[in-house]
Amino acid sequence: MRQKELRIALVCYGGVSLAVYMHGVTKELWHLARASRDADAARPGAGGSARVYRRLLDHISDHAGLKLRVLPDILTGASAGGINAIFLAQAVHSGQSLDPLTDLWLENADVDKLTDPDARPLWRFAKVWAQPLASWVLNRPGNAVSESVAPETREEVRTKVSRLIRGRWFEPPFSGSGFSNLLETAFAAMEDAPLEPPLLPAGHPLDLFVTATDFHGHLSLLRLNSPPVVQESEHRMPIAFRAKTPAQEGRGLANTIELVLAARATASFPGAFPPLRLWEIDTLAERTGRSWPERSAFLDRIMPVHTRSDTVDGVSLIDGSVLVNKPFEGAIAALQGRPAQREVDRRFVYVDPRPDRTGSAANPDRQIDREVGFFAAIFGSLSTIPREQPIRDNLESLEAQSREAMRLRLIITRLRPEVEGAVETLFGRTLFFDRPTPKRLQAWRQRAQQAAAVTAGYTFQAYAQAKTAAIVGRLAKLVHENTSKLGLPDAEPIEAALREELSRRGLDSLSAPGGGAHAEAIAFFRAHDIGFRIRRLRLLARRLARDWEADPEIEDDALEQAREAIYAILALYFERENGDGLGEEFAAASEDVLSDPGTVLDMLEEKRLLPQIDDRAEEMLADALQAMPSNLKRRMLLTYLGFPYYDIATLPLLRNQDLTEFDPVKVDRISPEDATAIREGGTQATLRGTEFFNFGAFFSRAYRENDYLWGRLHGAERMIDIVCSTLDETLPRTARDAFKRDAFLAILDEESEAGRCSTMLLEQLRSEVRTRLP
């Protein structure tokens, strides 16, 4: 059976109280991943919507012959969206339940719960002199509440806003320590809940990236033409976590204290919460009895400039959405160096509760030319405008990358007749060509590489230099990641030192007099050119994919066995692509790379041992070739031996060499505008958290329940759409609608049994589902 991985990089925007809706969406992704894990392991499945997703995956397996695994392995977020990303990452990595986060949002995401005790009016006549001011602000014609809050909820909102106005002034009304306590309590509840196996395969990397803003900032170095280096203030402070998925459940993504710090920092809304100071987290660790032995290493990683200058205690972190509200860059960066065991369909999925903010399309009657009021200007500048800038640049970058991949695929396809003709001419009279052994493969490979280099003529020098530059750049980046004391702004000085070392070793010129590379260049490539190996194997994997090249004469079983063998070989190189396993000795040597780059190069060669890995890889490839039918075996041999010809022609076109998932990246959106199976009208017709400048759900439990349920329902609809879109021929509309209807009703039944949401609301939605999807 054909196997494919649907890998999801989820981007959660900052959206103030619309984070409740986003939590509903992420909960459905969690249920889908649970169902996929259970289907892959043939274990009993969970109930609720997870049971419907399991049926969908089984249906795809039975009727489309595709075993699909869903892997949410890259999660990014900003502000309250960052909270959702952090908790989802913890659940995916550890096998813990996500339900405690639901309780956090529904029970505690209310202004009455978040308000600092010192900011509450002590009695109902407190600041009685402020009552007229509060009444005027909240009841005057055109006031913010009347403009942005539904009539049935205005009194509740006015009461809670009045308490804030009559509380302390000129200080944040919400408690930072109280917020940290709520986050820690939710993580503790996840730890105490029943455990399941992790949602990703053992050893698969999980990346989490959230944004925070360093209010005071720090000086960073910037390279110019003149002067060569200047200092500028940097306020961005991304907080990233990467861990390999454990085989057993219960192991957290990181120390809980670090996750609380990240969640508290990214969601420290300016003016509402005080900035996060490190003493708050230290106090929380002491009060809860949680040890934090990694404290120094963690702080050195996320704020290295402050740790070197011993200013970490003075750092003030505020909401990450101030500078980066839609962290696509973190997700794009996380694509580098990811392993693959089978065919990959990579998706970027972003959650956007309000895709049409101007009202020009969704609300034609809105008066956009009306004068902006005092509170509207303040709240809009803080909560709306910074969080609603378009993501066009990010999406265009992904689209360009995908176009480049498709263009390269076309070039390789058109080169194939000439390349295979050259290989057949080179090996036309070779004995035992249909019976490859490791020794023969090695000899044939070396012969093909030399022939391709000689045939390339004078262009080989340009190819070799481009390849060397890519290798040096990759090595410099790897070394830079292992240096914390040098204080370098980037890897450029390291790259320069490595280039000088190569010059001392006679590698300025790489060509031999008779053509091709000279002996020292070949030795350098064998020791360090891991990119060449990975590109060659990925080309083999692509030629085994039906969507790359259809060949009805080759059976699916043979293709799948060959694909598994290729990805197993790829895994050997993926393990050595990054700095994992290089040890403390290499980290120590990296600190001296500017003065002694030769030692670093030699140590990398000794630690990674790529020639020995090549021997193992060719043993595995020979075994795989022996098991293939003759027509598939010949295709694989022609591709393997012909790869140097392809690489010489296409390497200059590769701008994203570090991407190991080279196939096109597809982008999917989840928003009320895209999920209309139950109710038309998009955001305006479904969500209530948009009221009062996106703060609405923080003032009403009913609003939170409404948005949470719509998040789950919309999430279920879009998850089914995305899963079905991975198929070569999508499911018929009637079949998809049947799965959606079952998922909707399962969600409503689950929430009814849990008693979390209004019975009236659940019955209303259930009636709509049965009407629209009978």
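Just so we're clear, the structure is a prediction, and the values are computed from it rather than from any experiment.
Legend: residues meeting salt bridge (charged side-chain N to carboxylate O under 4.0 Å, His left out) with E500, ordered by chain and number and at least two apart, are absent.
For K633 (side chain) and D434 (main-chain N/O), a donor-acceptor pair under 3.5 Å exists by modelled atom type. Counting only distance, with no hydrogens or angles, the side chain of R563 and the backbone of L544 share a donor-acceptor pair below 3.5 Å. Of the possible polar contacts, one joining the S503 side chain to the R499 backbone as a donor-acceptor pair under 3.5 Å is found. A donor-acceptor contact shorter than 3.5 Å links the side chain of T639 to the backbone of R635. The backbone N or O of I720 sits nowhere less than 3.5 Å from a side-chain atom of R736 that would complete a donor-acceptor pair. Panel note: side chain R37, backbone P197; a donor-acceptor pair is recorded below 3.5 Å. At distances below 3.5 Å, not a single donor-acceptor pair connects side-chain atoms of S36 with backbone N or O atoms of L32. Checking side-chain atoms of T245 against main-chain N and O of H204 turns up a donor-acceptor pair under 3.5 Å. Counting only distance, with no hydrogens or angles, the side chain of R447 and the backbone of L426 share a donor-acceptor pair below 3.5 Å. Judged by distance alone, the side chain of E618 and the main-chain N or O of T437 form no donor-acceptor pair under 3.5 Å.
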Would Y350 and V667 count as a side chain to side chain contact (heavy atoms under 4.5 Å, CB included) if you check the C-alpha gap in whole Å, the side-chain angles of each, and the deciding distance to 0.1 Å? CA-CA 8 Å; Y350 68 97; V667 181; 3.8 Å; yes
Mind running side chain to side chain contact (heavy atoms under 4.5 Å, CB included) on T455 and F460 for me, showing each step along the way? CA-CA 9 Å; T455 303; F460 175 78; over 6 Å; no
Side chain to side chain contact (heavy atoms under 4.5 Å, CB included), that's the test. Do H93 and L208 meet it? Break it down for me. CA-CA 11 Å; H93 185 270; L208 169 65; over 6 Å; no
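For the pair D73 and R346, the salt-bridge criterion is met [side-chain N within less than 4.0 Å of a carboxylate O]. A salt bridge links D614 to R533: one of the charged nitrogens lies within less than 4.0 Å of a carboxylate oxygen. With respect to the salt-bridge test (charged N to carboxylate O, under 4.0 angstrom), the residues E420 and R634 do not qualify. Ion pairing between D721 and R718 holds under the 4.0 Å rule for side-chain N and carboxylate O.
Stacking of R543 on the aromatic ring of Y640 is not recorded, the 6.0 Å distance cut-off and the 45° axial limit not both being met.
F739 and H59 have perpendicular rings, their planes meeting at more than 60° on a 0 to 90° scale where under 30° would count as parallel.
Proximity of I569 to L540: side-chain heavy atoms (C-beta onward) are nowhere separated by under 4.5 Å. Using a 4.5 Å cut-off on side-chain heavy atoms (C-beta onward), V70 and M719 make no contact.
One finds the CD1 atom of I566 at 11.5 Å from the CG atom of L559 (value rounded to the nearest 0.5 Å). One finds the CD1 atom of I534 at 5.0 Å from the CZ atom of F574 (value rounded to the nearest 0.5 Å). The distance from atom CZ of R505 to atom CG of L601, rounded to the nearest 0.5 Å, is 5.0 Å.
Within the structure, ring pair (Phe, Tyr, Trp, His ring centres under 6.0 Å) contacts touching residues 510-538 (residues at least two apart or in different chains) are F524-H528, F532-F643.
T650 and R535 share no donor-acceptor pair across their side chains, judged by distance under 3.5 Å alone.
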